[in-house]
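The chains referred to below are lettered A, B, ... by the order of the sequence lines, with proteins before strands, and numbering in each begins at 1.
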Amino acid sequence: MDKNQLNSGVMAEKQAAQPLFALADCNNFYVSCERVFQPHLEDKPVVVLSNNDGCVVARSNEAKKLGLPMGAPAFKWKDFFIRHKVFVFSSNYALYSDMSDRVMNVLASFAPEIEIYSHDEAFLSLSGNRSTDPETYARRIRREVRKCTGIPVSIGLGNTKTLAKAANKLAKSTPEFQGVFDLGQCPDRDRYLKSLQAKDIWGIGPRYARLLQGHGLYTAYDLKESNQAWIRKKLTVAGLQTVLELQGVPCVDLETQPQPAKSMVRSRSFGRPVTELSELREALSSHVHSAARRLRANGQIAGNLQVFLQTNRFKPEPQYSPCLSTCLPRATNHTQPLLTAALKLLQRIYKKGFAFQKTGVLLTDLQPEFVRQLTFWEAGAKDQESAGQLMKTLDHINARYGKDTLRYACAGFEKNWEMRRGKMSPEYTTRWPDIPRVKA
DNA sequence: TCTGGGGTCCTAGGACCC
DNA sequence: TCTGGGGTCCTAGGACCC
C-alpha cells in the first residue's frame, strides 16, 4: 500500500467515525399539502394564511418570485393577490398535521434514529449507513416521500445538525442540486459557506445577524472563522455552539425521544375587537378547555396558571396588556379547577374601556401526572377519582364525536369573537364528508 | 375592518440567606 | 460603630426556532 492509499484509508476511517446527519425539510409545506389535493395549483402562486387569516405563513416558489414577503399582513396585500391571481388559503391544521404524520412515517422507515423537529422537518441519523453513498440514499428517501405522500422534500447532509441545516438551505436554493446536497463529504465546504449569509444559519436570527454585520461578519464562513471568546460573550453559549458546529464539531445531539413540554400556551386573536368581560370569559374558557384536554392527552398536570389580555399593538389607542399568574392549590389537569382559577384572574386584570385583541392562558410547572405531590388538604380520594372519570369520559366522547361535542357552557355558544377562516380547504384526510371523490 | 401561535433556552438582576 | 461577600433561587426579558 503506498502512502496515498494509506492516507485515503485513514481518511475513510476518520469519515466513518464521524456522525452524519440528514435534515429532511418539506418544501413550502402548507402549500404542498393543498397542492396534493388540488393538483391544478402546481406552478401557480399559492399562499397559506395564519390563524384569523392574518399573515402569510407559507408561500409557493411562484409567490416568492412575485416578491411577496413572509409574514405579509393579508389585508394589505389583498389587491396584490387579485392582480397576480394568487390562490389564497386559510390554515387547515387538521390536514397539515395528518400529512405531516404520513411524511414522518416514511422518513422513519429509512433511519433507525429520527428526531421530528417540527411539522415539516426531521433530522435523521445516517451514521450507521455506510453501504450506500449518502447522497444516493438521500435521493432515494426523497423519491419515496414524494411517491407515498405527494409532498416534495429537500435533504441536506452534514456532520453536524447545523451543517445539515445549511446543506438543506443550499439544496433548496440551488436548482442544479435537485433537492439534495451533502456538506459532509464536500471537499470545498468553505466555498459553500461563503455563499451563505450568516443569517441563513440555524440559530442566527435578525438581531444577531445585525450584530455580526456590525463587526464585519457577513457570511456563514465569516461566522465559522470568528473569534470564539467574542461570540461566547455576545451570542451566549448557544452562539458558540453554532460556530463549533459550522467547524464540524458536533455539539447538538439527535433527540430521538420527544421531551415532555415545560409550558403550554393557548391563545387566539379575536375575529374583531372585544370589550366585554362576558365575551372575554367565553374565549378564555374555551382556551382553558383546550389546554386541559392537551394536558390530559400528554399525561401531564400543571402547577401554575397565567392569564393574559392584549390590546391591538398596531392601533394608536392607549395600550393595556396585563398578565397575572397564580400557583394552583393542587397541580391538576382537570378542566374545572383550571377554569375557576383562570376566570378569577381574568376578573382581576380586566378593565372596562379597552378594546382587546387577544386573550390566552399559559400553563407552567408541568409535571408528569404520576408524580403529583399530595397536599395536606387533599380532597378525598373518591372525589378525585370521580373527577378523573368525568374528564376521561369527556375526552372519550369528544375524541369520538368531534372535539367540541361536550364542553363547558362558560365557553359560550354564539362565539362572536371567534377567528376568521374564510378560505379553508376541506379536511380531505380526517373528516368523512371531506374525503375527495373520484369521478369514473 | 383586517397585522399568527406555540415553544425553548440563556442571562441579568433582585431577593434572600448566612 | 463599622455596613461584606458569596451562594442560591426566582423571574422577566430577550434571543432564537418552526
Side-chain angles (χ1 to χ4, degrees), chain A residues 23 25-26 28-30 47-58 69-79 81 88-91 93 96-97 100 115-123 161-162 165 168-169 198-212 231-242 251-252 255 258-274 287 290-291 294-295 298 303-304 306 308 310-316 321 323-325 327 355 357-366 416-423:
Chain A
L23 176 71
D25 191 332
C26 303
N28 318 323
F29 181 54
Y30 294 174
V47 299
V48 176
L49 305 179
S50 63
N51 278 318
N52 237 340
D53 293 345
C55 300
V56 170
V57 290
M70 183 68 167
F75 78 95
K76 285 191 179 173
W77 291 77
K78 224 169 167 179
D79 293 341
F81 293 153
V88 180
F89 291 89
S90 303
S91 294
Y93 291 113
Y96 309 151
S97 75
S100 170
E115 172 184 342
I116 297 173
Y117 181 66
S118 73
H119 245 49
D120 69 333
E121 269 177 69
F123 287 101
K161 285 164 96 176
T162 305
K165 271 273 208 187
N168 188 284
K169 187 98 191 167
K199 74 171 170 61
D200 294 331
I201 296 302
W202 194 34
I204 305 301
R207 295 286 168 101
Y208 285 169
R210 225 176 305 144
L211 179 71
L212 293 171
I231 292 287
R232 167 69 184 83
K233 195 167 150 213
K234 296 287 186 182
L235 275 65
T236 81
V237 288
L240 182 57
Q241 279 188 351
T242 299
C251 302
V252 189
E255 281 189 12
Q259 299 301 306
K262 294 175 178 167
S263 67
M264 184 184 297
V265 175
R266 280 294 179 281
S267 75
R268 282 273 182 286
S269 295
F270 301 124
R272 54 160 179 80
V274 169
H287 296 325
S290 149
R294 165 56 55 187
L295 216 49
N298 292 356
N304 197 289
Q306 185 180 107
F308 56 88
Q310 268 176 32
T311 45
N312 189 335
R313 65 184 199 281
F314 294 101
K315 291 273 171 74
S321 300
C323 71
L324 194 60
S325 68
C327 233
Q357 190 224 0
K358 189 195 231 184
T359 184
V361 62
L362 165 68
L363 301 175
T364 55
D365 276 359
L366 304 192
N416 288 324
W417 40 268
E418 266 205 324
M419 66 170 176
R420 290 181 304 274
R421 270 169 124 183
K423 302 169 170 65

Side chain of [X], heavy atoms from C-beta onward: which of [options] has the nearest atom to it?
X      : options               : value
A:P273 : B:dC2, B:dG5, B:dG7   : B:dC2
A:N51  : B:dG4, C:dC18, B:dG6  : B:dG4
A:V237 : C:dC17, B:dC2, B:dT11 : B:dT11
A:F314 : B:dG4, B:dG7, B:dT3   : B:dT3
A:V265 : B:dT3, B:dT8, B:dG7   : B:dG7
A:Y117 : B:dT3, C:dC17, B:dG7  : C:dC17
A:T236 : C:dC18, B:dT8, B:dT11 : B:dT11
A:Y208 : C:dA15, B:dG7, B:dT3  : C:dA15
A:S267 : B:dT3, B:dG5, C:dC18  : B:dG5

When you compare B:dC17 with C:dG4, how far apart are their C1' atoms, in angstrom units rounded to a whole number? 14 Å

Of A:A238 and A:K76, the one whose closest nucleotide on DNA chain B sits nearer the 5' end is A:K76

Residue whose nearest DNA chain B nucleotide is more 5′ - A:P260 or A:A74: A:A74

How would you label the contact of [X] with the nucleic acid (heavy atoms, under 4.0 Å): base, sugar-phosphate, or nothing?
X      : result
A:Q259 : nothing
A:I204 : sugar-phosphate
A:S91  : nothing
A:D53  : nothing

Output the distance between atom OG (A:S100) and atom NE2 (A:H119), rounded to the nearest 0.5 Å. 5.0 Å

How long is the straight-line distance from CG of A:L362 back to CE of A:M264, given to the nearest 0.5 Å? 10.0 Å

From [atom1] of [X] over to [atom2] of [N], roughly how many Å is that when rounded to an integer?
X      : N      : atom1 : atom2 : result
A:R313 : B:dT3  : CZ    : C1'   : 7 Å
A:L211 : C:dG14 : CG    : P     : 16 Å
A:D79  : B:dC2  : CG    : C1'   : 13 Å
A:D200 : C:dC17 : CG    : P     : 11 Å
A:N28  : C:dC18 : CG    : P     : 14 Å
A:W202 : B:dG7  : CH2   : C1'   : 14 Å
A:Q306 : C:dT11 : CD    : C1'   : 11 Å
A:K262 : B:dG6  : NZ    : C1'   : 15 Å

Under a 3.5 Å distance rule, please check whether A:S91 uses its side chain to pair with a backbone N or O of A:L49 as donor and acceptor. yes

Assess whether a salt bridge exists between A:E255 and A:K161, defined as any Lys/Arg side-chain N lying under 4.0 Å from an Asp/Glu carboxylate O. no

Please verify the inter-ring angle class for A:W202 with A:Y117; under 30° counts as parallel, over 60° as perpendicular, anything in between as tilted. perpendicular

[N] phosphate, OP1 or OP2: any side-chain N/O from [X] under 4.0 angstrom?
X      : N      : answer
A:Q357 : B:dG4  : yes
A:S269 : B:dG5  : yes
A:K165 : C:dC18 : yes
A:R207 : C:dA15 : yes
A:R268 : B:dG6  : yes
A:K315 : B:dT3  : no
A:R232 : B:dT11 : yes

Searching all strands shown, indicate the nucleotide that pairs with B:dC18 (Watson-Crick or G-U wobble; both distances under 3.5 Å). C:dG5

Just checking A:K169: does its NZ atom have more than 12 heavy atoms from other residues, nucleotides or ligands closer to it than 6.0 angstrom? no

Taking every non-hydrogen atom, the tightest pair across A:I116 and A:A122: CA-CB, 4.3 Å

